[in-house]
Amino acid sequence: IAQMTSKNNISVLFCLIFSFYILSCTKDKTIVVEAEPKSGSNVAGTITFSEDGDQVIMNAVFTGLKPGSHAIHLHEFPDCSSPDGKSTGGHWNPTFENHGAWGNETGFHRGDIGNFEADENGEATISFETDLWCINCDDETKNIIGKAVIVHQGQDDFVSQPSGGAGSRVSCAGLIQ
């Protein structure tokens, strides 16, 4: 009986560990998407979104850019089917605010990530973190699933309405889980 109890304890322990592993895997909130060229560009990239507590962290790497400043935004729809990327709609703006720099007290879209710099080789790395997004949650003012990442040819001026005058859409990735 003691031997049987020991085997049972090991079985129970194994089941508990396995169950914890399965539950922790299902709570993993990470999505990786590949950005494809648009508008006749060669801009491609990999974008990773990870949720850690109440923070979503976006890390992106792009190649094929023209050196200099470029805007990056979340757009309304995950549809990258059009050659110019306009099938993604406008900036994601679930709170109906004016376009502006992220965190601006006079307002900004939840998709107004900002500008980044491409080096002389056309490569760029971007990191961004916020508690105003979530991955596949029930809050439609925060949920980034069903949106698209768009990289623009130029920089966002943070003033022009409704989109910042950043020029053509040169890369697109749909956030579909």
Side-chain angles (χ1 to χ4, degrees), residues 22-36 38-39 43-62 65 69-82 84-117 124-177:
I22 294 298
L23 288 173
S24 67
C25 289
T26 59
K27 290 183 180 185
D28 181 24
K29 290 197 174 183
T30 298
I31 183 169
V32 179
V33 293
E34 297 297 322
E36 61 187 55
K38 292 293 168 188
S39 303
V43 180
T46 302
I47 309 141
T48 303
F49 293 89
S50 300
E51 191 167 352
D52 184 12
D54 66 350
Q55 298 289 309
V56 172
I57 301 105
M58 180 193 81
N59 290 301
V61 177
F62 290 98
L65 293 156
S69 190
H70 299 271
I72 184 169
H73 300 120
L74 292 184
H75 282 243
E76 297 173 293
F77 311 113
D79 179 5
C80 295
S81 64
S82 66
D84 60 5
K86 291 186 178 179
S87 52
T88 61
H91 291 182
W92 177 46
N93 186 18
T95 55
F96 307 103
E97 297 182 43
N98 283 330
H99 174 74
W102 188 271
N104 188 327
E105 62 187 38
T106 62
F108 60 98
H109 299 162
R110 292 304 178 258
D112 289 342
I113 299 169
N115 294 322
F116 64 92
E117 293 294 317
T125 301
I126 306 114
S127 292
F128 183 80
E129 185 173 334
T130 181
D131 65 351
L132 296 178
W133 293 348
C134 62
I135 297 174
N136 208 20
C137 68
D138 293 329
D139 186 343
E140 289 304 313
T141 66
K142 295 177 80 171
N143 188 4
I144 61 171
I145 299 300
K147 311 303 177 258
V149 177
I150 291 287
V151 174
H152 290 271
Q153 178 182 19
Q155 69 181 14
D156 190 326
D157 65 13
F158 303 119
V159 177
S160 300
Q161 298 297 324
S163 61
S168 63
R169 301 169 187 201
V170 295
S171 194
C172 181
L175 297 176
I176 301 169
Q177 192 172 36

**Request:** Rounded to the nearest 0.5 Å, what's the gap from NE2 on H91 to NE2 on H109? Could you check?
**Result:** 7.0 Å
**Request:** Specify the closest pair of heavy atoms between H73 and D156, including all atoms of both residues, with the distance to one decimal.
**Result:** NE2-OD2, 2.7 Å
**Asked** What's the shortest heavy-atom distance between H70 and Q153, and which atoms?
**Response** ND1-O, 2.9 Å
**Message:** Keeping E97 on the side-chain end and F108 on the backbone end, is there a donor-acceptor pair under 3.5 Å?
**Reply:** yes
**Message:** Is it the case that the side chains of S127 and N59 hold a donor-acceptor pair, with the cut-off being a distance below 3.5 Å and no angle test?
**Reply:** yes
**Prompt:** For the side chain of S171 and the backbone of E36, is there at least one donor-acceptor N/O pair under 3.5 Å apart?
**Reply:** yes
**Request:** Nearest 0.5 Å please: distance from the CD1 atom of I126 over to the CZ atom of F62.
**Result:** 5.0 Å
**Expected output: side-chain D139 to main-chain N143 donor-acceptor under 3.5 Å** = no
**Item:** Shortest non-hydrogen contact from P78 toward G146
**Value:** CD-O, 2.9 Å
**Message:** Could you check whether any side-chain N or O of K38 sits under 3.5 Å from a backbone N or O of V151, counting only pairs where one atom can act as donor and the other as acceptor?
**Reply:** no
**Prompt:** Can you name the side-chain contact (heavy atoms from CB on, under 4.5 Å) partners of N98, sequence neighbours left out?
**Reply:** Q161
**Prompt:** When you look at E34 and T46, which way does the side chain to side chain contact (heavy atoms under 4.5 Å, CB included) test go after all the steps?
**Reply:** CA-CA 5 Å; E34 297 297 322; T46 302; 2.9 Å; yes
**Message:** Which label fits F158 and H99: parallel for a plane angle under 30°, tilted from 30 to 60°, or perpendicular past 60°?
**Reply:** parallel
**Prompt:** Does A124 have any side-chain contact (heavy atoms from CB on, under 4.5 Å) partners at least two apart in sequence or in another chain, and if so, which?
**Reply:** L65, F116, A118
**Asked** Distance from N93 atom CG to D112 atom CG, nearest 0.5 Å?
**Response** 7.5 Å
**Request:** Dump the intermediate steps for side chain to side chain contact (heavy atoms under 4.5 Å, CB included) on I176 and I145, then the final yes or no.
**Result:** CA-CA 6 Å; I176 301 169; I145 299 300; 6.0 Å; no
**Request:** Could you tell me which non-hydrogen atom of A173 sits nearest to which non-hydrogen atom of C80, and how far apart they are?
**Result:** N-SG, 3.5 Å
**F49 and V149, any side-chain heavy atoms less than 4.5 Å apart** = yes
**Item:** Inter-residue atom distance I144.CD1 - L175.CG, 0.5 Å rounding
**Value:** 5.5 Å
**Heavy-atom pair of closest approach, residues H75 and H152** = NE2-NE2, 3.5 Å
Show me the donor-acceptor pairs, under 3.5 Å and distance only, between side chains in residues 129-138 and residues at least two apart or in other chains.
from : atom 1 : to   : atom 2 : distance (Å)
T130 : OG1    : L132 : N      : 2.9
W133 : NE1    : R110 : O      : 2.9
N136 : ND2    : Q177 : OE1    : 3.3

**Prompt:** If every non-hydrogen atom of D84 is compared with every non-hydrogen atom of R169, which pair is closest and at what distance?
**Reply:** O-CB, 3.4 Å
**Residue K142 excluded, over 12 heavy atoms near NZ under 6.0 Å** = yes
